[in-house]
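Heads up: the structure comes next, in structure tokens.
Labels below follow one simple rule: chain letters A, B, ... track the order of the sequence lines, proteins then strands, and each chain is numbered from 1.
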Amino acid sequence: MGKVNYLDTLNAPQREAVTHAGGPLMIIAGAGSGKTRVLTYRIAWLIEQEVDPFNILALTFTNKAAGEMRQRIEAVIGNDAKNLWMGTFHSIFAKILRFEGKRLGYTSDFTIYDTDDSKSLLRSIIKEMNLDDKVYKVNFVLNRISSAKNALISWEAYTQNPIYIEEDKAAKMPELGRLYKTYVMRCFQANAMDFDDLLYNTNVLFRDHLDVLNKYQHKFKHVMVDEFQDTNVSQYLITRKLSAVHQNICIVGDDAQSIYAFRGANIQNILNFKADYPDLKVVKLEQNYRSTKTIVNAANSVIAKNKEQLEKTVFSENEEGSKINIIKATSDNEEGNLIASDIFEEKNNHGLKNTDFAILYRTNAQSRAFEEALRKRNIKYRLIGGLSFYQRKEIKDLLAYLRFTVNQSDIEAFKRIINLPKRGIGDTTVAKIVVTAAENNLRIWDVVSNIHQYVAGRVSSTIDDFATLIKSYGLMLEEGKDAHTVASYIAKSSGLTKELYEDKTVEGLSRYENVQELLNSIKQFVDNSESDDKSLSAFLQTVTLMTNADEDDDGDQDKVTLMTIHGAKGLEFKNVYIVGMEENLFPSQMMLARRSDLEEERRLFYVAITRAEKKLTLSYAESRYNYGRLNYCEPSRFLEEIDKEYLQVARNRFVSYSNMEDRNDQPAKQTRAVSGFVKKDSIKSNLKPVSKSTPPANHVPSGDFVASDTSILKEGDKVEHPKFGFGLVIKMDINGTDRKATIRFDTQGEKTLLLSFAKLRIL
DNA sequence: TCATAGCCTTTTTTT
DNA sequence: AAGGCTATGA
């Protein structure tokens with residue numbers, strides 16, 4: 001690789017950013033302006049200027065972004081790239097806390113609590129404190145605690161602040177401060193940090209231990225932050241402190257793409273950056289190389305309304321490109337079908353590959369209809385986000401065993417595994433152990449391993465057996481057995497895999513395979529992890545901090561991408577579909593309820609639009625399932641906000657934008673539909689609201705019975721229906737995604753049931 | 001005291 | 001749709 005070659009490929013502002021010698025630098029990078037290239041070249045350039053990679057810290061928001069950047073740097077600079085300190089905020093500071101956590105009273109084996117752990121812990125605290133969980137909602141309380149931590153407000157400060165006390169009293173939640181305190185104490189006692197703690201504690205570490213701060217300040221001669229618009233106060237302070245000595249801070253961001261305020265991101269960080277660094281050098285990258293003029297202009301027309309912005313003009317010199325298509329569907333299933341057929345046609349007509357397509361939605365729950373439609377057409381897809389591999393029950397169960405083996409204070413892991421597989425230890429006993437530990441300031445392990453002192457009776461010997469089991473795992477680790485060996489042994493000897501192995505249902509089989517898959521990934525980690533730390537706790541850390549975007553990657557297969565708009569940040573695709581363009585969905589209901597200005601939702605829309613290189617399609621449905629209920633939907637106001645000149649009057653069966661306006665003349669159909677019962681013979685027109693009262697004879701109850709996966713039902717199956725009794729399936733009609741079964745019931749004669757509503761037990 | 005069936009509530013995005 | 005909660009029976 002020639003030394004200077006790559007500089008020639010850059011435009012003037014890009015080159016200026018790459019070769020900025022030192023001192024604070026802010027790169028305002030519009031969408032598609034070659035930001036990643038600039039960042040990677042800058043790092044490569046610094047290394048050419050004799051800066052040791054070891055002294056460069058580069059912070060990103062996803063592991064994937066970090067990994068890609070490292071690869072690209074390697075391509076320019078070679079093996080040296082390995083020594084860079086590059087990763088997500090959370091993973092880099094988790095690493096530092098593993099080294100330095102002793103100063104704060106944590107061991108180097110501390111557990112990282114994920115959101116489920118945090119919620120579970122909080123739930124039990126609320127219960128213990130005898131608070132009403134209808135008033136103190138777990139999600140709300142956790143959010144409150146999280147915001148406090150991200151703003152660096154300790155529980156001490158929180159409970160002493162008269163403003164918060166008043167606020168909480170007014171909100172009828174005077175105990176929030178105490179909850180915060182208890183939550184923090186419990187985490188500490190469990191030798192655990194939640195996601196926010198990783199940043200919060202880093203701040204505490206740097207504040208209270210100046211020698212540590214000093215060490216890292218001198219180590220990191222250059223600090224770079226990607227996606228700076230998404231940093232919160234806590235992250236901002238860390239980067240400022242770390243760069244205080246050398247003053248070589250380089251931030252890259254785009255205020256127009258700030259979409260993480262909900263988790264504490266503070267757009268002011270980038271808007272006010274100049275105020276913090278008077279001799280700041282600012283470089284603006286405004287030329288978009290990614291998208292057509294139409295797409296760039298349409299995107300600009302969307303955020304033109306936003307008030308809080310840095311001045312910049314993103315423009316494209318690419319071709320004009322085709323206009324933006326709008327598709328109207330009658331239902332969410334039809335939306336899936338229309339998009340899938342469109343992908344099919346586009347592939348045939350323009351010789352595109354699956355990887356050229358992305359379907360972007362506002363919420364993960366929307367993926368279902370698209371998955372079904374794509375599967376039906378044999379189009380391969382990959383789903384990013386949603387319930388990830390590591391959130392599956394069987395995986396979390398085994399991970400909990402591993403966690404408890406590594407960190408025997410980990411209460412949440414303990415609660416998960418103590419009665420799994422069933423040992424006859426119930427909630428009462430577990431609660432007793434947890435409370436005993438908390439009251440006597442002991443580790444969970446201290447209580448469990450001396451259970452006879454605390455709990456009398458039959459259970460105590462069962463718990464003894466459990467303790468012996470865990471002890472044997474700990475011993476294996478001490479003997480230096482590698483993570484994979486220990487994990488496989490745990491899976492087998494705990495009885496977890498045995499239980500799954502004996503479950504011969506389809507789900508049981510896949511659960512068993514998942515566990516094997518997890519063991520494989522541990523093996524991989526042990527065999528060829530890049531880092532030198534191959535301990536079990538290192539593995540657990542990578543798993544917890546893994547982003548949704550990091551999973552999958554089963555080779556470079558040709559697949560359509562399905563993901564949320566949030567997940568799509570930083571990516572690009574030739575053809576993009578933004579689906580579910582409906583009021584209350586996008587913009588989301590929550591946003592509409594909470595804030596009058598929709599600036600962040602609008603920026604989200606902007607991010608979605610600018611993912612497209614060649615062609616953009618927007619779609620919405622007139623009705624949609626939500627929590628098992630069918631609802632009517634209005635087209636999103638965002639459709640109105642795009643400059644009309646960029647919109648396409650769609651062909652043939654697609655409904656044009658002007659037709660959409662006509663729709664507004666009709667009376668609004670706001671009725672909530674299908675609450676409880678649905679007409680069995682109204683497949684296409686099952687949108688009519690049906691009363692909640694007693695069903696007429698031709699209706700089928702839709703309440704819970706034994707849920708069965710309707711896709712496995714076959715002719716000849718014997719079934720039981722909650723109302724009609726036992727029956728035999730004599731005919732199956734499969735029409736698109738709608739499935740009907742004609743069943744002969746012993747007493748009721750033949751009935752045809754729409755399976756999405758009928759709940760049958762297969763006998 | 002524990003296990004289970006069925007009822008009830010939830011309501012976005014992610015490290 | 002899914003996970004927590006509660007009543008019920010063992």
Side-chain angles (χ1 to χ4, degrees), chain A residues 59-65 87-94 112-116 118-120 123-124 127 133-134 137-140 143 146 149-150 193-199 227 230-232 234-235 258-265 360-366 368 384-388 391 393 419 422-432 455 457-459 462 541 543-550 563-569 580 584-594 600-601 603-604 607-608 625-629 631 702-707 709 722 756 759 761:
Chain A
L59 297 164
T60 61
F61 269 77
T62 62
N63 296 307
K64 196 174 191 178
T88 62
F89 271 94
H90 289 84
S91 65
I92 291 284
F93 295 112
I112 299 172
Y113 274 179
D114 68 12
T115 313
D116 284 343
S118 300
K119 280 185 191 169
S120 156
R123 201 170 285 125
S124 48
K127 198 175 252 175
D133 59 5
K134 300 245 165 20
K137 303 228 169 130
V138 175
N139 282 325
F140 178 88
N143 223 318
S146 171
K149 282 186 186 166
N150 285 330
M193 300 191 198
D194 66 15
F195 288 137
D196 304 317
D197 286 335
L198 294 174
L199 306 173
E227 307 280 10
D230 290 328
T231 52
N232 58 35
S234 187
Q235 290 164 322
S258 160
I259 55 174
Y260 279 103
F262 72 91
R263 73 171 200 219
L360 308 181
Y361 35 75
R362 181 64 175 80
T363 74
N364 281 307
Q366 286 166 255
R368 199 211 83 248
I384 294 180
L387 189 65
S388 84
Q391 288 171 309
K393 181 182 177 305
N419 199 26
K422 299 254 177 333
R423 297 177 228 274
I425 300 167
D427 297 344
T428 325
T429 316
V430 175
K432 204 181 282 176
V455 182
R458 204 158 31 89
V459 258
T462 327
Q541 173 182 312
V543 165
T544 320
L545 296 182
M546 183 112 63
T547 342
N548 281 320
D550 303 329
M563 61 181 152
T564 63
I565 302 171
H566 282 90
K569 182 131 78 127
N584 293 331
L585 186 57
F586 190 24
S588 99
Q589 199 166 21
M590 304 249 71
M591 265 323 176
L592 288 166
R594 201 171 316 158
E600 180 154 321
E601 290 286 292
R603 288 195 293 265
L604 196 55
V607 168
Y625 279 94
N626 203 335
Y627 292 99
R629 299 275 138 81
N631 286 51
S702 76
D704 278 2
F705 182 48
V706 174
D709 180 349
S756 23
K759 300 290 172 170
R761 189 211 303 261

May I ask you to evaluate whether T428(A) reaches the phosphate of dT1(B), defined as a side-chain N or O under 4.0 Å from OP1 or OP2?
yes
For Q541(A), all residues meeting side-chain hydrogen bond (donor to acceptor under 3.5 Å, both in side chains), sequence neighbours excluded:
R98(A)
Return the 5'-most residue of the pair K134(A), M591(A) with respect to DNA chain B, ranking by each residue's nearest nucleotide.
K134(A)
If you only use heavy atoms from C-beta on, which nucleotide in dC5(C), dC2(B), dT12(B) is closest to the side chain of R362(A)?
dT12(B)
Which whole-number value in Å describes the distance from H90(A) NE2 to dT14(B) C1'?
9 Å
For T564(A), enumerate each residue passing the side chain to side chain contact (heavy atoms under 4.5 Å, CB included) test, keeping only those at least two apart in sequence or located in another chain.
Y361(A), N364(A), H566(A)
On the nucleotide dT11(B), are OP1 or OP2 found under 4.0 Å from the side-chain N or O atoms that T363(A) carries?
no
Which atoms of nucleotides 3-5 of chain B (N or O only) lie under 3.5 Å from a protein N or O atom, and what are those distances?
unit_1, atom_1, unit_2, atom_2, d
dA3(B), OP2, N419(A), ND2, 3.2

State, yes or no, whether a side-chain contact exists between D194(A) and I112(A) at a heavy-atom distance under 4.5 Å.
no
Tell me which nucleotide among dG4(C), dT14(B), dT12(B) gets nearest to the side chain of R123(A).
dG4(C)
Do we count F262(A) as stacking onto dT12(B) if the rule is ring centres under 5.5 Å and planes under 30°?
no
Restricting to ring pair (Phe, Tyr, Trp, His ring centres under 6.0 Å), what partner residues turn up for F93(A), sequence neighbours left out?
none
Which residues pass the side chain to side chain contact (heavy atoms under 4.5 Å, CB included) test with K137(A), not counting sequence neighbours?
F140(A)
OP1 or OP2 of dT13(B) under 4.0 Å from side-chain N/O of N364(A)
yes
Determine, for D197(A) against K149(A), whether the closest basic-nitrogen to carboxylate-oxygen distance falls under 4.0 angstrom.
yes
Considering only heavy side-chain atoms of Y260(A), the closest of dT14(B), dT12(B), dC2(B) is dT14(B)
Taking only the side-chain heavy atoms of K127(A) (C-beta and beyond), determine which of dC5(C), dT12(B), dT13(B) contains the nearest atom.
dC5(C)
Does a side-chain N or O from T429(A) land closer than 4.0 Å to OP1 or OP2 of dT1(B), or not?
no
Excluding sequence neighbours, so at least two apart, what forms side chain to side chain contact (heavy atoms under 4.5 Å, CB included) with N419(A)?
K422(A), R423(A), I425(A)
Which of dT11(B), dC2(B), dC5(C) is nearest the side chain of N139(A)? It is dT11(B)
Within the structure shown, what part of the strands sits under 4.0 Å from D133(A) by heavy-atom distance: base, sugar-phosphate, or nothing?
sugar-phosphate
Where the side chain of K137(A) is concerned, which of dC5(C), dT13(B), dT10(B) is the nearest nucleotide?
dT10(B)
Once you round it to whole Å, what is the distance between C1' of dT14(B) and CD1 of I259(A)?
10 Å
Spacing of N150(A) atom CG relative to dT14(B) atom P, expressed in whole Å
17 Å
